[in-house]
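The shown structure was predicted, so the numbers you read here are calculated from the model rather than taken from an experiment. Just so you know, these numbers use all the heavy atoms, side chains as well, and skip hydrogens, waters and symmetry mates.
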Amino acid sequence: MAHVIDDEFLCGFFGMGTSPEELADMAELRSRLVRLQFGNGEDICTIDGPPDGMFFLESGVALVLDRDGQQVNVMHEGQYFGEYGVLAQQRRLTTVRSRGRTVVYKLESEDMMDMLRKHPDLYGEFMKRVYSQVSHKHAQILTLSRMQRGVLRAPGNRAPMGKRQMLIQYGILALIFILSALLIPAETDFPVFILPLVLMIVYVLITRRTLESLVAAGMYAALLALRLGVAPGYTDALMDTMGQVDNVFTVLVMALMGGMITLIEASGAVTAFKKLADRKIRSRRGTLLATLGILAVTAIDDGLNLLCAAGSLRTVVDEQKVPREDSGFLLSFLPTVLCSFFPFSLWGIWVVGSITPVEGVSRFSLLCRSIPLNFFSILALLACVLFCFGLLPRNRALREAEQRVKAGGELFPEGSEKYIPEEEEQFWGSAWNLLLPVIVLAAASLAVRSLHVGSFTMDSACGLVATLLVMFFLYCGQGLLSPEEFFEHLVAGIQNVTLPIILYLLTMCFTALLQQEALAPFFDQATALLGGYTRFLPAALFLIFTLLTVALGSSWAMFVIGFPVAAHLALRAGVPLPLCVGAVCAAGIAGEKCCVFTSDSLSVGGAIGCDPDRILKVRMPYSIAFSLCAFVLYVAAGLMI
């Protein structure tokens with residue numbers, strides 16, 4: 001018998017003691033275990049197959065696939081599967097496939113049931129444990145699916161809309177459209193663009209549905225700007241938006257980035273630093289600093305680096321007695337904050353595409369120049385570094401967590417049991433499978449196009465294509481993925497960013513329609529009203545758009561308004577444009593961290609196994625404090641210009 005599935009493991013699994021009779025039964029059971037070995041890509045058991053036994057994973061990694069071939073779980077050595085089908089006499093509900101070389105021990109159905117019949121006292125406890133595990137995994141899958149969708153789910157949207165509510169809501173919307181078409185003349189001095197903005201803000205505040213709010217406001221703006229009717233006008237506006245070179249470039253980059261991120265996850269690189277962390281980290285401070293470091297080197301996507309840090313440090317966090325709330329503090333701020341410092345990240349690509357074009361100014365260059373002026377991100381990063389060294393004052397939730405652990409209590413707060421346990425999210429991979437693509441992305445984005453044209457040109461699309469070529473040979477050459485699997489994951493990654501791409505196109509369409517509504521006179525008047533107070537413009541932009549993001553629950557929707565307003569006012573008021581862009585970027589992050597109904601807390605809680613409400617209590621006081629400090633810094637920066 002190998003060292004993992006040994007007598008101690010089997011006794012614990014079946015709940016048996018050390019009496020002579022039980023030891024004899026255990027020896028007989030052990031003799032009936034059949035050792036099986038599977039190569040990479042071989043199926044250990046298949047969906048709808050007969051429940052002919054259960055399996056104990058001795059070594060290697062096994063992927064759990066649903067009926068569509070999508071990965072829903074990963075199992076490691078020391079885990080088991082197939083027991084529910086044997087007990088319930090049901091066909092297999094999933095396919096379990098070997099990743100690399102895998103060794104399992106199979107216990108035939110008859111042998112397992114014979115053991116339980118000989119010890120009826122064990123049957124009840126065993127059934128309860130199996131049922132608890134199945135129910136727990138069902139809750140895990142539901143939680144993980146909410147994380148992966150990344151869609152805002154406000155309390156008011158959990159139940160289907162009733163017919164009466166639907167009639168009232170869309171009836172009012174139709175009435176607004178009809179009255180506006182009849183009563184607002186095509187030529188008017190009234191700032192018509194305010195109406196679609198007001199509609200979008202009010203609509204999203206009522207419904208908490210960002211996508212629907214953008215569509216409704218975009219149709220309204222098309223009706224007022226183009227006077228072609230709702231359907232023809234909005235269709236033409238969308239086609240114009242999708243035909244613009246800048247928008248095509250941004251959509252291509254977002255799609256390729258989504259594919260790259262999914263491929264990195266499929267390679268096992270999400271937990272690439274686990275072995276190094278298990279071997280090197282010997283203190284609580286080291287655990288927190290390692291969290292910061294892993295988040296920093298994987299800052300191409302805030303979801304990816306969250307999973308990397310949570311997955312790689314799952315063991316040392318428990319060994320060093322780090323409360324879940326401490327990990328939650330770092331993971332609540334750092335994923336997005338660190339991505340905001342990296343212009344090649346998915347967050348950076350979104351912002352570059354959303355920034356209002358200014359003649360003679362590169363949007364990528366503008367984002368890079370605004371990074372040192374994103375005061376909220378800088379403050380949050382400094383606070384996290386101080387927290388790692390124990391120098392940041394702890395709020396009430398963190399103090400309670402520390403006292404609970406010191407008193408010998410659990411590392412996680414009450415109510416965390418139903419969230420995803422860390423040990424089942426990913427399998428262990430090589431750090432180079434993550435670091436090399438990130439390095440190639442940065443270098444190729446700066447060098448590939450520049451070498452071709454003979455002058456410096458940053459092209460993240462070329463960088464991503466070059467990176468995907470490197471990843472193809474890197475992953476397929478190691479046998480991690482077959483060519484077919486590589487392209488399947490690439491397509492799945494593109495599908496994962498469908499929602500951000502749609503939101504981006506709707507955002508750009510809405511912005512373009514607003515700019516057709518004679519914005520220049522309004523901004524001239526607004527600048528004149530500011531008078532000698534233009535130096536406070538960055539602070540005002542930060543405050544207003546932070547509050548707007550809190551209300552909308554999404555920085556994506558806020559950027560629709562924020563970047564055009566910031567660009568027009570900054571140019572007219574003579575305020576440095578990078579400072580105003582930095583203020584809007586900071587407002588987007590600050591607003592999401594101060595908002596109580598975003599999916600941020602759920603994502604963090606699901607990644608580390610902690611009650612999201614507790615994560616929110618940890619994050620909120622610091623978010624408000626950082627926002628107030630950032631506001632003061634923008635006031636000071638405005639006075640110094």
Side-chain angles (χ1 to χ4, degrees), residues 2 4-5 9-10 12-15 29-30 32-117 122-145 148 265-266 268 418 420-421 423-427 481-482 484-485 488-489 492:
V4 176
I5 311 301
F9 177 91
L10 293 172
F13 177 79
F14 285 102
L29 175 68
R30 188 172 63 246
R32 297 187 181 185
L33 290 177
V34 180
R35 186 179 187 274
L36 302 173
Q37 182 174 314
F38 296 88
N40 184 45
E42 290 187 84
D43 290 339
I44 301 173
C45 60
T46 58
I47 198 166
D48 293 330
D52 55 354
M54 68 169 297
F55 300 86
F56 300 92
L57 189 53
E58 167 65 21
S59 65
V61 173
L63 307 182
V64 183
L65 311 176
D66 64 12
R67 191 171 297 276
D68 297 325
Q70 297 296 313
Q71 179 180 319
V72 296
N73 201 359
V74 180
M75 289 183 289
H76 312 283
E77 61 182 34
Q79 293 186 278
Y80 54 90
F81 54 94
E83 74 286 356
Y84 181 75
V86 173
L87 291 172
Q89 286 300 299
Q90 292 184 357
R91 292 188 174 273
R92 306 287 185 189
L93 301 177
T94 56
T95 294
V96 181
R97 182 170 297 164
S98 173
R99 167 69 74 188
R101 178 181 177 275
T102 302
V103 176
V104 300
Y105 284 92
K106 182 178 180 181
L107 180 63
E108 296 290 343
S109 300
E110 295 79 4
D111 296 331
M112 177 178 169
M113 297 309 297
D114 284 345
M115 168 64 71
L116 295 176
R117 279 192 289 268
L122 301 179
Y123 185 80
E125 289 299 319
F126 183 73
M127 283 295 294
K128 284 198 294 185
R129 186 164 72 249
V130 170
Y131 177 77
S132 175
Q133 182 186 25
V134 172
S135 301
H136 195 162
K137 287 183 177 179
H138 179 67
Q140 294 172 19
I141 292 171
L142 291 178
T143 304
L144 184 59
S145 67
Q148 292 176 335
E265 294 174 355
K418 64 180 179 179
I420 302 174
E423 66 271 16
E424 293 188 354
E425 289 185 20
Q426 297 290 340
F427 57 93
L481 299 173
S482 67
E484 293 82 2
E485 289 174 328
E488 286 175 1
H489 286 294

How far does [atom1] of [X] sit from [atom2] of [Y], to the nearest 0.5 angstrom?
X: Y105; Y: L36; atom1: OH; atom2: CG; answer: 10.0 Å
X: N40; Y: L481; atom1: CG; atom2: CG; answer: 8.5 Å
X: R91; Y: C45; atom1: CZ; atom2: SG; answer: 13.0 Å

Query raised in the report: Which atoms form the tightest heavy-atom contact between E77 and E58, and what is the distance?
Result: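 Nearest pair, atom of E77 first, then E58: CB-O, 3.4 Å.
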
Query - Non-hydrogen atoms of I44 and A62 that approach each other most closely - result: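 Closest pair (atom of I44, atom of A62, distance): CD1-CB, 4.2 Å.
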
Apply side-chain contact (heavy atoms from CB on, under 4.5 Å) to [X] and list each qualifying residue two or more places apart in sequence or on a separate chain.
X: R32; result: E28, D111, D114
X: E42; result: F38
X: D66; result: D68, Q70, V72

Requested in this report: Side-chain contact test, heavy atoms from C-beta onward, threshold under 4.5 Å: evaluate it for T94 versus F81 and give yes or no.
Outcome: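 T94 vs F81: side chains apart.
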
Query raised in the report: Between S109 and G53, is there a donor-acceptor pair closer than 3.5 Å when you use the side chain of the first and the backbone of the second?
Result: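 Checked: pair present.
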
Query raised in the report: Counting distance only, does the side-chain N/O of T95 pair as donor-acceptor with the main-chain N or O of I47 below 3.5 Å?
Result: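 Present.
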
**Report entry** F56: ring pair (Phe, Tyr, Trp, His ring centres under 6.0 Å) partners, not counting sequence neighbours
**Finding:**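 Partners of F56 under the ring pair (Phe, Tyr, Trp, His ring centres under 6.0 Å) test: F9, F13.
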
**Report entry** salt bridge (charged side-chain N to carboxylate O under 4.0 Å, His left out) partners of D52, counting only residues at least two apart
**Finding:**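 Salt bridge (charged side-chain N to carboxylate O under 4.0 Å, His left out) check on D52 returns R92, K106.
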
Query raised in the report: Residues two or more places apart in sequence or in another chain: which of them pass side-chain hydrogen bond (donor to acceptor under 3.5 Å, both in side chains) with Q37?
Result: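 Checked Q37 against side-chain hydrogen bond (donor to acceptor under 3.5 Å, both in side chains); matches are R101.
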
